[in-house]
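Predicted, not measured: the structure shown is a model, and the values here were computed from it. Throughout, numbering of the chain's residues begins at 1 and tracks the sequence.
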Amino acid sequence: TIVMLVSYQEGEEVQATPGFETIKTLPSFTTITESVVVGMPLKLTVDLFDCPGVVVLVHDDATVIDADLATIRKLEEECKLFEVAPRKSKACKVTE
């Protein structure tokens, strides 16, 4: 499964990419192509040109892939892929 990552936030500078590290620990994780790196500005994803990365998930059990995809989408929605400063805007779901 190929997953195009989505950023629901933007900011002047990416300070860390904790979501990438979380994704790399998923059971079906195979590879990630990171389009955003520390020190770069972060744009909201509005099309494929703003995609912050691509993840490939592979596993014999489709339920594992489904669970890993759900984890990735939750990281995106909660703006936990990136730490940015200063944050200009975000369209994330806030969870406590």
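The side-chain heavy atoms of V3 and L57, taken from C-beta on, include a pair separated by under 4.5 Å. Counting heavy atoms from C-beta on, the side chains of P18 and K80 never come closer than 4.5 Å. Counting only heavy atoms from C-beta outward, the side chains of T17 and L81 never approach each other to under 4.5 Å. Side-chain contact between Q9 and V84 is present, with heavy atoms from C-beta onward closer than 4.5 Å.
With a 4.5 Å cut-off between side-chain heavy atoms of Ile, Leu, Val, Met, Phe, Trp and Tyr, the cluster of V64 takes in none. The other members of the hydrophobic cluster of M40, by chain and number, are V37 (side-chain heavy atoms under 4.5 Å, ILVMFWY only).
Each ring pair (Phe, Tyr, Trp, His ring centres under 6.0 Å) pair with one or both residues in residues 36-81, not counting sequence neighbours, would appear here, but there are none. Pairs of residues two or more places apart, or lying in two chains, that qualify as ring pair (Phe, Tyr, Trp, His ring centres under 6.0 Å) and include a residue from residues 10-39 are F20-F82. For residues 28-37, every residue pair satisfying the side-chain hydrogen bond (donor to acceptor under 3.5 Å, both in side chains) rule, not counting sequence neighbours, is listed here: K24-E34, S28-D68.
Rounded to the nearest 0.5 Å, atoms CG (D47) and CE (M4) are 10.0 Å apart. Considering CD of E10 and NZ of K43, their distance stands at 10.0 Å, rounded to 0.5 Å.
Between the side chain of T45 and the backbone N or O of C51 there is no donor-acceptor pair closer than 3.5 Å.
Residues forming a side chain to side chain donor-acceptor pair (under 3.5 Å) with D60 (at least two apart in sequence, or on another chain): none.
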Practice task
Evaluate side-chain contact (heavy atoms from CB on, under 4.5 Å) for I2 paired with V54, printing each intermediate quantity in order.
Solution key: CA-CA 7 Å; I2 297 173; V54 177; 3.6 Å; yes
Problem - Verdict with reasoning, V56 to T1, per side-chain contact (heavy atoms from CB on, under 4.5 Å) - result: CA-CA 6 Å; V56 177; T1 300; over 6 Å; no
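When each of V6, T22, L5 is paired with I72, the side chain to side chain contact (heavy atoms under 4.5 Å, CB included) condition holds for L5 and for no other.
A salt bridge links E76 with R73: the distance from a Lys NZ or Arg NE/NH1/NH2 to an Asp or Glu carboxylate oxygen falls below 4.0 Å.
For L42 against S7, the heavy-atom pair with the smallest separation is CD2-OG, 3.6 Å.
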